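Below you'll find the structure, written out as structure tokens, and then a few comments.
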Amino acid sequence: MSRLRPVRGTHDLFGETLRRHRLVAETGRRLAVRYAFEEIETPIFEFTEVFSRTLGETSDVVTKEMYTFEDRGGDSITLRPENTASIVRAVISGGLFQDLPVKFFYCGPMFRYERPQKGRLRQFHQIGIEIIGAPEPEADVETIALGRHLLEELGVADRVELQINSLGNVASRAAYREALVAYLRRHEDRLSPDSRLRLERNPLRILDSKDPGDRELLAEAPLFSDYLDRESRHFFARVCAGLDLLDIPYRVEPKLVRGLDYYTHTTFEFVTQELGAQGAVIAGGRYDGLVKQMGGPDIAGIGWAGGVERLAMLLPAAPAAVRPTAVIPVGDEAEREAWLLAMELRRQGFVVDIAYHGRPSQRMKRADRRNCRFALSLGEIELARRVVRLRDLDTGEERVVSRDALAAMLRELGAAEA
RNA sequence: GCGAGCGUAGCUCAGCUGGCUAGAGCACCAGGUUGUGGUCCUGGGGGUCACGGGUUCGAAUCCCGUCGCUCGCCCCA
């Protein structure tokens with residue numbers, strides 16, 4: 001088992017796990033279409049600057065979690081740690097901002113060099129949406145509504161709480177940051193070592209600290225809400241009013257900050273208690289300065305990303321596997337006809353499995369083990385009469401069906417189609 | 001990067017304080033049953049006991065190191 005193993009933090013996906021992933025991704029895709037989003041696939045790697053300049057030079061993702069390498073041409077390339085930066089890049093480089101807003105859905109693998117644990121991998125999968133070029137709070141509401149709708153559709157909404165906050169516009173955010181730093185400096189000796197480092201790099205993140213001493217200190221800290229200017233306050237109120245209108249439950253969490261530098265105004269997370277430390281299953285926010293910062297026009301943006309693995313683990317049950325219909329020839333002379341029957345049924349849309357060898361009893365046993373729902377057997381007698389024996393492997397009930405009536409009968413009994 | 005737990009068959013595990021050719025259940029293959037599965041019976045394939053070193057007459061078992069997995073911290077979806 002030395003080298004023949006997947007790289008740490010990566011997994012082969014198949015069977016029940018893959019079916020769970022597929023359900024999450026396909027439900028997301030289906031709903032996104034319903035909200036008039038269009039799908040986009042960007043490359044899984046980009047020039048390193050696409051991420052390093054946008055996520056924040058001091059953010060953890062950039063400083064220690066990127067899969068970065070030099071290609072043969074000497075360019076620094078990075079496997080995407082998230083998709084927002086790539087999509088903004090695509091919007092700019094493709095000139096897609098001619099017809100705003102653009103609404104994109106995406107789904108695919110992301111890469112972060114981290115220690116794997118429950119709900120965290122080095123190659124993981126996200127689905128997400130972005131609305132670019134919509135400065136109105138209605139865009140925030142629709143974005144969140146789609147997230148909530150997805151959780152409902154997946155049957156997990158009652159185990160997930162929506163937390164939202166506003167970081168305000170750039171001016172508000174700067175003013176608050178200043179006030180928070182001033183307060184914390186006065187009590188620096190009481191801060192945890194981790195938070196003392198954050199004070200220099202990303203002081204807002206201290207609000208998130210789990211250290212008991214820090215939390216005590218934060219109870220007295222200035223509140224973000226007191227530093228929002230009129231515009232920011234008004235914007236947030238309209239977002240909340242929209243959520244109320246659509247009957248989407250939420251809790252305002254003033255300490256919700258989030259790690260990436262580009263967020264402004266609304267930030268939100270759908271959080272569960274059931275996945276240990278990795279409770280955020282869908283998270284996102286508004287990023288009004290990002291497009292401009294990356295060299296595009298000064299247009300707004302908002303979106304979220306959902307962790308496919310995390311959502312998949314939350315699903316109440318794994319989707320069932322398809323149950324094929326088995327075709328079983330009896331005797332050598334039936335072999336050819338069995339293959340023709342299998343192909344004919346497949347052309348009509350049925351899921352059909354046919355074994356390559358074995359006596360009827362062995363093939364029947366195999367059909368059973370392969371989770372087949374029906375078995376169609378045909379031998380000399382059936383050939384002569386142009387019929388097959390249709391056996392329900394769940395009930396053991398067997399009937400003789402004419403070849404002409406077979407497809408209709410299978411359909412009526414609910415045989416799997418694809 | 002830091003901390004903790006765990007590595008015996010494809011899977012779940014037993015193997016107690018060291019003692020014959022390393023076991024069970026499930027799974028897989030074949031036969032009993034060359035026109036019918038699920039139950040049953042018989043047989044079979046499969047293991048460098050994670051790897052390396054040490055202690056010992058003798059190590060899956062004890063000690064050290066390495067690697068891997070899992071969970072937590074940091075951070076994030």
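Numbered from 1 within each chain, the chains take letters A, B, ... in sequence-line order. What you are looking at is a predicted structure, and each value in this text was computed from that prediction instead of being measured. Atoms considered below: every heavy atom in the structure, side chains included; atoms not considered: hydrogens, waters and symmetry mates.
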request  = Just call it for A:G284: base, sugar-phosphate, or nothing, with non-hydrogen atoms closer than 4.0 Å on any strand.
outcome  = nothing
**Message:** If I pick the P atom on B:rC2 and the same atom on B:rG65, what distance separates them, to the nearest angstrom?
**Reply:** 15 Å
Worksheet item: What integer number of Å spans the P atoms of B:rG47 and B:rU8?
Response: 15 Å
For A:D214 and A:R190, the nearest pair of non-hydrogen atoms, with its separation, is OD1-O, 4.2 Å
Note on RNA chain B: ranges paired as stems (three or more Watson-Crick/G-U pairs in a row, both atom distances under 3.5 Å) are B:1-7 with B:67-73, B:10-13 with B:23-26, B:28-32 with B:40-44, B:50-54 with B:62-66
Requested in this report: For A:I381, answer base if it contacts any base atom (sugar-phosphate contacts may also be present), sugar-phosphate if it contacts only those atoms, and nothing otherwise; contact means non-hydrogen atoms under 4.0 Å.
Outcome: base
Testing B:rA77, B:rU36, B:rC75 for proximity to the side chain of A:R198, the answer is B:rC75
Next on the checklist: So, does A:R8 get its side chain near the phosphate of B:rC69, meaning an N or O under 4.0 Å from OP1 or OP2?
Outcome noted: yes
**Message:** Using OP1 and OP2 only, check whether a side-chain N or O of A:R369 sits under 4.0 Å from B:rC29.
**Reply:** yes
Any donor-acceptor N or O pair under 3.5 Å, side chains A:E130, A:T84 | yes
A:I129 atom CD1 is separated from B:rA77 atom P, nearest whole Å, by 15 Å
>> Let's test your reading of the model: under 3.5 Å, does the base of B:rU36 pair with the side chain of A:S377 as donor and acceptor?
In response: yes
Sorted by position of nearest nucleotide on RNA chain B, 5' first, the leading residue of A:V308 and A:V330 is A:V330
Checking B:rA77, B:rG37, B:rG31 against the side chain of A:R310 (C-beta onward), the nearest is B:rA77
What is the nucleic acid contact for A:E269, judged by heavy atoms within less than 4.0 Å: base, sugar-phosphate only, or nothing?
nothing
Tested for salt bridge (charged side-chain N to carboxylate O under 4.0 Å, His left out) against A:E142, the lone hit among A:R148, A:R34, A:K103 is A:K103
Check your understanding: Under 6.0 Å between ring centres, would you say that holds for A:Y176 and A:F224?
Key -> yes
Please step through side-chain contact (heavy atoms from CB on, under 4.5 Å) for the pair A:F37 and A:R29, ending with a clear verdict. CA-CA 9 Å; A:F37 282 73; A:R29 179 174 290 118; over 6 Å; no
Any N or O donor-acceptor pair linking the side chain of A:E382 to the base of B:rG35 at under 3.5 Å? yes
Salt bridge (Lys or Arg N to Asp or Glu O under 4.0 Å) filter on A:D368, not counting sequence neighbours, yields none
* Asked: Considering only the C1' atoms, how many Å lie between B:rG23 and B:rC69, rounded to the nearest integer?
  -> 24 Å
Separation between the P atoms of B:rU21 and B:rA14, rounded to whole Å:
24 Å
Q. Between A:H11 and B:rU70, is there a side-chain N or O to OP1/OP2 distance below 4.0 Å?
A. yes
Pairwise C1' distance, B:rU48 and B:rG44 [rounded to whole Å]
23 Å
Just N and O in the side chain of A:Q362: are any of them under 4.0 Å from OP1 or OP2 of B:rG31? yes
| said: Using OP1 and OP2 only, check whether a side-chain N or O of A:R115 sits under 4.0 Å from B:rC71. | reply: no
Worksheet item: For atom C1', what is the distance between B:rC11 and B:rC28, given to the nearest Å?
Response: 12 Å
Between CG of A:L383 and P of B:rG35 the distance, given in whole Å, is 15 Å
Check your understanding: Is the shortest distance from a Lys or Arg side-chain nitrogen in A:R80 or A:E82 to a carboxylate oxygen in the other one below 4.0 Å?
Key -> no
Between CE of A:M364 and P of B:rU34 the distance, given in whole Å, is 14 Å
Notebook entry, point to check: Hey, does the side chain of A:K118 come within less than 4.0 Å of B:rU70's phosphate (OP1/OP2), counting only N and O?
Noted result: no
note: A:L121, atom CG; B:rC69, atom P; distance rounded to Å ~ 11 Å
key: Side-chain heavy atoms of A:I328 within contact of A:M364, under 4.5 Å   = yes
With the side chain defined as heavy atoms from C-beta on, A:S361 is closest, among B:rU36, B:rU70, B:rA30, to B:rU36
Atom CZ of A:R370 and atom P of B:rG38 are separated, to the nearest Å, by 16 Å
A:H357 NE2 to B:rU34 P, in whole Å, measures 15 Å
| request: Take atom P in B:rG10 and the same atom in B:rU56, then report the distance between them in whole Å. | output: 34 Å
(Q) If I pick the P atom on B:rC40 and the same atom on B:rC26, what distance separates them, to the nearest angstrom? (A) 8 Å
For A:G331, which contact category applies under a 4.0 Å heavy-atom criterion: base, sugar-phosphate, or nothing? nothing
When you measure from the centre of the six-membered ring of A:Y113, is the NZ or CZ of A:R122 closer than 6.0 Å and no more than 45° off the axis? yes
To the nearest angstrom, the CZ-P distance between A:R359 and B:rA30 comes to 9 Å
- [ ] Report yes if a donor N or O on one partner sits less than 3.5 Å from an acceptor N or O on the other, where the partners are the side chain of A:D368 and the base of B:rG38; otherwise report no.
- [x] no
Exercise. Does a side-chain N or O from A:Q117 land closer than 4.0 Å to OP1 or OP2 of B:rU70, or not?
Worked result: no
Residue pairs passing the ring-ring contact (aromatic ring centres under 6.0 Å, His included) test with at least one member in residues 350-369 of chain A, sequence neighbours excluded, are none
Atom CG of A:D332 and atom C1' of B:rG35 are separated, to the nearest Å, by 13 Å
| message | Using a heavy-atom cut-off of 4.0 Å across all strands, would you classify A:A367 as base, sugar-phosphate, or nothing? | response | nothing
Contact under 4.0 Å: A:R5 side-chain N or O vs B:rG7 OP1/OP2:
no
